[in-house]
Amino acid sequence: MNHQIEIGRLLRAGTTGFIAGCRVNQLDAPSFGALVRAPLSDSYQIYGLIHDIHIDDDGLVRQLVTADGVSDEVMKDNRERRIVPVEMSVLAVGYEQDGKIFHLLPPRPPLSLDMIYLCNDKDVVRFTEKFGYLRHVLNAKDAPIGEVIAAHILQAGKAWKMESGKHVNTEGWIEKVTQEVITLLRDDYPTLMNVLGALADIS
Amino acid sequence: MYFSPNAATILHKCSMPINYQEIYTQIKQVGQGAKERRKKKEESQELAQRLLETYSSQVDFLRSKVDSAKTADANIRCAVPLGEALASHYPTPDSATQATLIAADGSQSIADRHSPVQFCVINVGAISMKPNSGETPSVDVESELFFGDAIEENGLTTDGGVALRRDLAERSVIERLSKGLSAPVVSFTDGTLEIFRAKDIDNPSMYRNTVDAYISVLSRLQGRGIISAGYIDKPSSSLVVKLLELTQITIPEEMEKLRSTPPLKYVTDRWLFGYNNKLFQLLPPGHRSAIFKIQSSSEKSYKGVLELHFFYLNVGTQGHPWPVRVEIPRWVVDDHQQLDLLHAVLVEQCRMMGSKPYPYLLHRAHETAVVKNEEKQQIEQLLSMELRKNNEELDEGSNKQSAKDLKGRTRM
């Protein structure tokens, strides 16, 4: 059985995306741009890209920052005991039904408290073999598109590299996906420049 | 709208919550009285300063005045000096000692006769922390539900009865959590160490039983050497001021004067120990006052090592004094190490909260304990479902509450 990395549970969801929450001590696993999945049943799961991770403050935290120094115990109390989850915003980019991957918006969103998992390298390679999912990212209004694309390509590129010894045709995946992004944004010069600027940092 | 010819009153036919015209006029009248109030306050404060300067070191004389007053009126409530001058003050001790701190706070949801289901919840939140250990504090919640006959049997039909039970629960949770902990353990709750009998408690035996149970808990805490305290933020009482007032009356002839026209009417302990005091500052930041015993009618219940005492503590900063009152039992007073540790812990806890000093752990205990309205509604729903499942008849909510719950105007 594949080792599944749980990164949180669903707080709220819609067709185009969902918000997952996790405790601060679960924050090691999820990262910006990571591909995640939310299985709803044995044969149906939704894929998404993390486009925002934020931690809200509250009155107590704002007051604590005015003190001279915050002790380790107070920091741990706030991170581990107070009910302030880290929230991850996830953009829906496709789904899998009965073993087949679709780069369409999912027919049904995940439900409250559904577990969210980080995709392993194999899942990443399977999902990103074709590039239809990129249009969801490029059309996202509230996400930093360039940064999400760059972070995703960096992480997915590593997954492809890891899988390269397993009879997977990994040659030039990063070049191919970059070319796809350029093609999709050929009529949107400002966004294209923004994305290429971010991609330049990972090349 | 129409105008009354005899007064500048506009009577509204439309529904407004407040008659602001009336309120505004009254507010202006309050403002007009400010000069007179200030004059009276300043005169009282100057007298308080003179009395303090005169009698601060005359501790034996002050104690004799309290003894005489007690003979004339056993219910008199005031401070009794031990041996220190009234104006004594002590800096924050160094606290290198590793201690476990426990704070507890209680919250309640009392039975509402307008609801379909009558129930009461007492919720106590407690948090334990070991400073300088690097360990994550642990949080504990104890929730007790009372339904049906249990509400009346436990004296929970009034706010006072519920508060009494809650205070007992707070100290009991501390007692439970402190079991097995190695000393030193410092525990504190918000409010007085003494539990009060509110005027609406109409069940004397319930009150007595609760006080007895509370005294038992305190005794067990004492037996284990647990430092126990009650922290009172923005104290309104004037126990030390009352002590000074005793020097201005003839006892017993003028005892009634203490109630009707107290000599220091506009002076509070909070002012005496620093707040808004432009005449003198008794307590530098972090300093505590002398220890005082509490003279009150409840001394019959709190005897021996449980005798109630207090000190004032300035948890504020230079230029922004913030005196608070800390109530402690005699066993803490008698052990200077325990007293010093408590002093240091409270100052440190208050500093954690930055610009609004208050013990961090007490705030966290409150946060953990508080019963929100939506939680109360959830409990009501769960209880209703369970009762229906077991074929028990349910009442309806009152129409009065239903009308109150109607939504306000909405806008498309």
Side-chain angles (χ1 to χ4, degrees), chain A residues 5-15 18-31 53-88 109-116 141, chain B residues 92 95-96 98-103 105 123 125-141 177 186 233 285-286 315-318 320 322 344-372 374-375:
Chain A
I5 302 175
E6 297 173 5
I7 60 165
R9 288 186 181 272
L10 190 96
L11 293 175
R12 50 194 181 274
T15 304
F18 51 91
I19 311 273
C22 72
R23 291 191 303 275
V24 170
N25 59 7
Q26 285 179 297
L27 199 50
D28 291 340
S31 57
I53 301 176
H54 71 264
I55 300 158
D56 285 333
D57 69 348
D58 61 24
L60 178 59
V61 171
R62 273 187 239 119
Q63 193 169 321
L64 289 173
V65 301
T66 69
D68 291 331
V70 179
S71 70
D72 287 344
E73 295 80 32
V74 169
M75 271 203 284
K76 283 188 172 174
D77 182 43
N78 275 273
R79 287 175 183 176
E80 296 177 37
R81 297 283 181 246
R82 294 189 73 224
I83 307 172
V84 184
V86 175
E87 288 193 2
M88 295 171 285
L111 300 174
S112 293
L113 299 176
D114 272 342
M115 190 63 81
I116 313 296
K141 290 188 173 48
Chain B
T92 312
S95 165
Q98 291 292 354
T100 304
L101 315 184
I102 309 176
D105 194 29
N123 205 43
I127 176 163
S128 309
M129 178 162 108
K130 285 186 188 162
N132 305 314
S133 67
E135 290 174 25
T136 309
S138 62
V139 171
D140 191 272
V141 180
L177 293 176
V186 182
D233 188 42
V315 297
T317 52
Q318 197 60 42
H320 297 95
W322 191 262
V345 159
L346 288 177
V347 170
E348 180 60 28
Q349 281 286 302
C350 287
R351 285 204 179 126
M352 284 177 184
M353 291 291 273
S355 52
K356 296 272 183 187
Y358 181 76
Y360 173 80
L361 286 185
L362 273 183
H363 173 72
R364 286 285 290 117
H366 162 76
E367 218 179 45
T368 306
V370 72
V371 178
K372 297 191 182 82
E374 53 239 3
E375 287 164 328

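Note that these values count all heavy atoms, side chains included, but never hydrogens, waters or copies made by symmetry.
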Based on non-hydrogen pairs under 4.5 Å, which of B/K130, B/E367, B/E135 is most in contact with chain A?
B/E367
Pair count under 4.5 Å, heavy atoms only, with chain A: among B/P357, B/S138, B/S355, highest is B/S355
Is it true that atom CG of A/D68 has more than 12 heavy atoms of other residues, nucleotides or ligands lying nearer than 6.0 Å?
no
Chain A heavy atoms under 4.5 Å from [X]: which part of the residue, side chain, backbone, both or neither?
| X | value |
| --- | --- |
| B/M352 | both |
| B/S133 | both |
| B/L361 | neither |

Does the side chain of [Y] come within less than 4.5 Å of [X]'s, by heavy atoms?
| X | Y | answer |
| --- | --- | --- |
| A/R81 | B/T136 | yes |
| A/Q63 | B/H363 | no |
| B/R364 | A/L60 | yes |

Most contacts with chain B, counted as non-hydrogen pairs under 4.5 angstrom, among A/T66, A/D77, A/V65
A/D77
Measuring from atom OG of A/S71 to atom CE of B/M129, what distance do you get when rounded to the nearest 0.5 angstrom?
5.0 Å
Side chain / backbone / both / neither for A/V70 at chain B, heavy atoms under 4.5 Å
neither
Between A/E73 (side chain) and B/P137 (backbone), is there a donor-acceptor pair under 3.5 Å?
no
For the pair A/K76 (side chain) and B/G134 (backbone), establish whether a donor and an acceptor sit closer than 3.5 Å, ignoring hydrogens and angles.
yes
